[in-house]
There are 2 protein chains.
Amino acid sequence: MASHGARGRSGGRPTLEEVAARAGVGRGTVSRVINGSPRVSDATRAAVEAAVAELGYVPNTAARALAANRTDAIALVVPEPETRFFSEPYFSDMLKGVGAALSDTEMQLLLIFAGGDRERRRLAQYLAAHRVDGVLLVSVHADDPLPDLLAQLEIPAVISGPRSSAETLPSVDSDNYGGARQAVEHLLSRGRRRVAHITGRLDVYGAQRRIDGYRAALSDAGHGADETLIEPGDFTEEGGRRAMAALLERHPYLDAVFAASDVTAAGARQALREAGRRIPDDVALVGYDDSAIARHMDPPLTSVRQPIEEMGRRMIDLLLTEVADRRPLASRGLERRQMVLATELVSRSSS
Amino acid sequence: MASHGARGRSGGRPTLEEVAARAGVGRGTVSRVINGSPRVSDATRAAVEAAVAELGYVPNTAARALAANRTDAIALVVPEPETRFFSEPYFSDMLKGVGAALSDTEMQLLLIFAGGDRERRRLAQYLAAHRVDGVLLVSVHADDPLPDLLAQLEIPAVISGPRSSAETLPSVDSDNYGGARQAVEHLLSRGRRRVAHITGRLDVYGAQRRIDGYRAALSDAGHGADETLIEPGDFTEEGGRRAMAALLERHPYLDAVFAASDVTAAGARQALREAGRRIPDDVALVGYDDSAIARHMDPPLTSVRQPIEEMGRRMIDLLLTEVADRRPLASRGLERRQMVLATELVSRSSS
DNA sequence: AGGTACTGTGGGAGCGCTCCCACCGGTGAT
DNA sequence: ATCACCGGTGGGAGCGCTCCCACAGTACCT
């Protein structure tokens with residue numbers, strides 16, 4: 001009967017206008033208080049805050065997004081099927097860092113899997129609708145078109161591992177070159193002389209950098225370059241097994257192996273066992289990632305740890321700056337926009 | 001110079017209005033086409049669709065949310081720290097089902113962890129802002145205030161395991177009672193006579209139902225009730241170990257154990273080993289969840305599988321109906337709003 | 001005294017949609 | 001011929017904010 005016929009009036013959620021009336025000020029002033037503008041007198045601010053508390057006012061995000069043309073949300077895009085996301089500790093560590101860095105922010109984090117084609121299309125639509133202010137990209141392959149799409153849409157993005165040395169996007173990476181050096185130098189310092197390397201996927205920039213680090217450590221120590229000690233892998237266990245078998249055939253007397261990932265090392269370990277080699281007595285083994293696998297391997301695996309959580313935190317820092325600056329078309333130089341974090345060698349009994 | 005001074009005009013994203021002009025129709029008509037209303041002639045629809053394609057029009061979500069008072073997003077709320085989410089396959093399976101059910105929808109899924117106090121407050125704020133149209137609640141304890149908050153805010157919600165037999169929220173559950181019966185009947189059919197039970201956390205309704213099922217299977221088979229064969233656990237490995245030890249002390253000659261979870265069974269297995277009991281020769285063991293643990297245990301563990309993915313799918317179905325109906329204050333009865341899905345016994349060599 | 005420069009404030013305009021009412025012309029009943 | 005009705009359509013009003021311009025008041029120069 002008395003119905004006004006108004007829509008959505010269900011709970012009677014208070015609006016900015018109502019808060020303003022209650023506090024005896026104008027709409028603009030309330031908006032300023034809500035958004036923490038300094039250009040408000042203390043007395044007014046207090047009055048507004050009181051009104052907000054009394055009314056239980058909560059800003060309407062949709063209205064804000066529409067008027068201000070921002071969403072206060074960012075997406076963590078994982079171009080992998082969900083399965084990998086759950087099985088690899090890399091992602092959960094990253095998520096932890098990202099979550100921590102975001103926790104004292106108003107920013108909302110969205111987790112988006114874009115493994116299959118269907119999901120890719122959905123994602124493209126999603127980004128085209130500008131439903132996020134920025135994007136965090138992890139585990140991107142060299143030929144992924146996603147970064148270009150983001151650039152075209154002018155959506156700020158930060159990538160977790162640059163796609164190449166010519167990466168144009170702001171990026172955060174761990175020091176793959178240095179990490180590999182550490183690993184090899186460690187092996188050499190333990191008296192090993194014939195150190196082989198099983199690489200990662202060659203289309204991943206980080207894997208290339210690890211090869212570079214491996215080469216540099218050897219040549220710095222005065223070892224001649226022997227490219228036949230390098231065997232390509234693909235970050236998988238099976239790839240590690242195959243590569244190790246090939247290496248053993250070529251170099252029966254090698255006494256150390258640096259594998260580009262812990263999983264690869266696990267495969268290598270298998271092949272070594274099958275060939276009757278003892279670890280570390282006959283062959284020392286070092287992995288990369290310091291994952292759970294490393295700790296649980298028999299014997300426990302020496303591995304290079306990347307500060308993944310820290311990387312997540314830094315990515316957020318970078319992204320939030322990008323978003324705040326919101327300059328279309330990467331205008332500023334890349335001075336402080338590409339960072340590389342140090343790795344750490346975790347020594348266990350496999351070496 | 002020529003600047004109009006307009007805000008956000010960066011990319012020149014087309015608006016509804018522009019599409020309407022292009023197609024030579026009114027705004028309302030375009031809106032109708034976009035939203036799939038049937039009250040549009042085929043010719044008009046085609047014209048609009050062409051214009052949409054030519055302009056690359058993508059609806060502005062914020063504007064839609066503001067005008068229509070809905071967000072087209074739902075949240076999966078996990079009242080646990082992220083760690084548990086990643087370590088327990090329960091959640092990833094659930095997520096898979098939910099994702100699948102949502103994939104042919106416009107609905108967006110948000111994943112929200114509300115483990116700590118801080119996160120709880122953030123979540124409350126989030127919900128108060130009505131940033132989602134509905135909520136999926138998993139793994140809620142009996143005394144959690146979250147469901148009440150949701151009811152108060154009139155946000156549709158579906159819960160994955162009812163908190164009690166008097167659950168008021170729509171819910172999807174697996175048949176804990178029937179699953180437990182299956183497990184115990186299986187043990188009895190294998191000739192076991194002294195079947196013990198290690199329970200789950202007693203404040204979890206599902207754990208209670210499993211106890212009921214255990215009791216029913218035994219009494220149906222003509223076994224007198226022996227409450228001393230029931231030992232409380234808490235779903236953890238350590239709890240399982242302790243409970244098993246206690247049981248062995250009380251009943252040295254028991255020949256079977258039904259554990260309320262696979263993790264619990266893993267603990268029980270440990271205690272059995274320490275006591276020199278062989279599995280299944282001396283004592284048969286059955287778990288619950290059919291998780292990876294069950295498959296990898298030595299010996300592989302017989303376990304009760306819950307159709308978790310299916311549960312996720314059903315929860316979405318229920319929730320979407322709730323959201324569509326959008327009746328404030330649960331008006332309809334609960335007829336079709338609480339469903340129970342059948343479980344399946346996966347027999348392996350531990351029994 | 002008049003000017004200039006701030007600080008703090010109010011409120012109009014507008015963000016891009018949805019909702020709904022009004023309207024138009026064709027159809028069938030009266 | 002008149003009326004009621006219905007499928008199809010256009011466009012006004014309004015969702016709750018932010019942005020920005022205008023303006024009052026005060027302070028500090030010349």
Side-chain angles (χ1 to χ4, degrees), chain A residues 3-21 23-48 52 55 57-72 106 128-131 133 326, chain B residues 3-21 23-48 52 55 57-72 106 128-131 133 326:
Chain A
S3 165
H4 186 335
R7 287 180 267 155
R9 275 234 146 219
S10 54
R13 247 175 93 196
T15 70
L16 239 209
E17 193 98 40
E18 285 163 37
V19 174
V25 300
R27 234 173 42 250
T29 303
V30 177
S31 176
R32 257 164 251 141
V33 172
I34 298 292
N35 292 291
S37 157
R39 329 192 114 285
V40 180
S41 72
D42 289 349
T44 310
R45 163 167 288 117
V48 171
V52 165
L55 261 36
Y57 170 75
V58 179
N60 179 320
T61 341
R64 173 179 289 178
L66 178 58
N69 197 33
R70 62 191 165 82
T71 64
D72 287 327
E106 289 289 84
H130 284 263
R131 294 186 64 166
D133 292 341
R326 179 84 88 162
Chain B
S3 166
H4 187 336
R7 285 180 270 155
R9 273 234 149 220
S10 55
R13 247 175 93 197
T15 70
L16 240 208
E17 191 99 41
E18 286 163 37
V19 174
V25 299
R27 236 173 42 249
T29 303
V30 177
S31 176
R32 257 164 249 139
V33 172
I34 299 289
N35 293 291
S37 157
R39 330 191 114 284
V40 180
S41 72
D42 289 349
T44 310
R45 163 167 288 114
V48 171
V52 165
L55 261 37
Y57 171 75
V58 179
N60 179 320
T61 342
R64 174 179 286 178
L66 178 59
N69 197 32
R70 60 190 165 82
T71 63
D72 287 327
E106 290 289 83
H130 284 263
R131 293 186 65 168
D133 291 342
R326 180 84 91 162

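Reckoned from all heavy atoms, side chains included, excluding hydrogens, waters and symmetry mates. Numbers restart at 1 for each chain; the letters A, B, ... are given by sequence-line order, proteins then strands.
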Which atom pair, heavy atoms only, marks the closest approach of [X] to [Y]?
X       : Y       : value
A:Ala62 : B:Ala65 : CB-CB, 3.6 Å
A:Asn60 : B:Leu66 : ND2-CD1, 4.3 Å
A:Thr15 : A:Tyr57 : C-CE1, 3.6 Å

Output a table of nitrogen or oxygen pairs between the protein and nucleotides 5-10 of chain D separated by less than 3.5 Å.
from   : atom 1 : to      : atom 2 : distance (Å)
D:dG7  : OP2    : B:Arg39 : NH2    : 3.2
D:dT9  : OP1    : B:Ser41 : OG     : 3.0
D:dT9  : OP1    : B:Thr44 : OG1    : 2.2
D:dT9  : OP2    : B:Ser41 : N      : 2.9
D:dG10 : OP1    : B:Gly26 : N      : 3.4
D:dG10 : OP2    : B:Gly26 : N      : 2.7
D:dG10 : OP2    : B:Thr29 : OG1    : 2.5
D:dG10 : N7     : B:Arg32 : NH2    : 3.4
D:dG10 : O6     : B:Arg32 : NH2    : 3.0

What is the distance, rounded to the nearest whole Å, between atom [atom1] of [X] and atom [atom2] of [N]?
X        : N      : atom1 : atom2 : value
A:Asn35  : D:dC20 : CG    : C1'   : 14 Å
A:Arg70  : C:dC15 : CZ    : P     : 17 Å
A:Tyr57  : D:dG16 : OH    : C1'   : 7 Å
A:Leu16  : D:dT18 : CG    : C1'   : 9 Å
B:Glu17  : C:dT18 : CD    : P     : 13 Å
B:His130 : D:dC15 : NE2   : P     : 17 Å
A:Leu66  : D:dG14 : CG    : P     : 17 Å

Side chain of [X], heavy atoms from C-beta onward: which of [options] has the nearest atom to it?
X       : options                : value
A:Arg64 : C:dT18, D:dG16, D:dT18 : D:dT18
B:Ser31 : D:dT18, C:dC15, C:dT18 : C:dT18
A:Ala63 : D:dC19, C:dG16, D:dC17 : D:dC17

Sub-4.5 Å side-chain heavy-atom contact between [X] and [Y]:
X       : Y       : answer
A:Arg64 : A:Arg70 : yes
A:Val30 : A:Val25 : yes
A:Thr44 : A:Val33 : no

Using the C1' atoms of five pairs at each end, what's the angle between the two axes of the helix from C:dA1-D:dT30 to C:dT30-D:dA1, to 10 degrees? 50°
Taking only N and O in the side chain of A:Asn69, is any of them less than 4.0 Å away from OP1 or OP2 of D:dT18? no
Look at the side-chain N and O atoms of B:Asn60 and state whether any lies under 4.0 Å from the OP1 or OP2 oxygen of C:dC15. no
Got a sec, which residues hit side chain to side chain contact (heavy atoms under 4.5 Å, CB included) with B:Arg131, two or more places apart in sequence or on another chain? A:Thr61, A:Gln108, B:Tyr126, B:Ala129
Could you grab the distance from atom CZ of A:Arg32 to atom CZ of A:Arg27, nearest 0.5 Å is fine? 10.5 Å
Kindly compute the distance separating CG (B:Leu55) from CG (B:Leu16), expressed to the nearest 0.5 Å. 11.0 Å
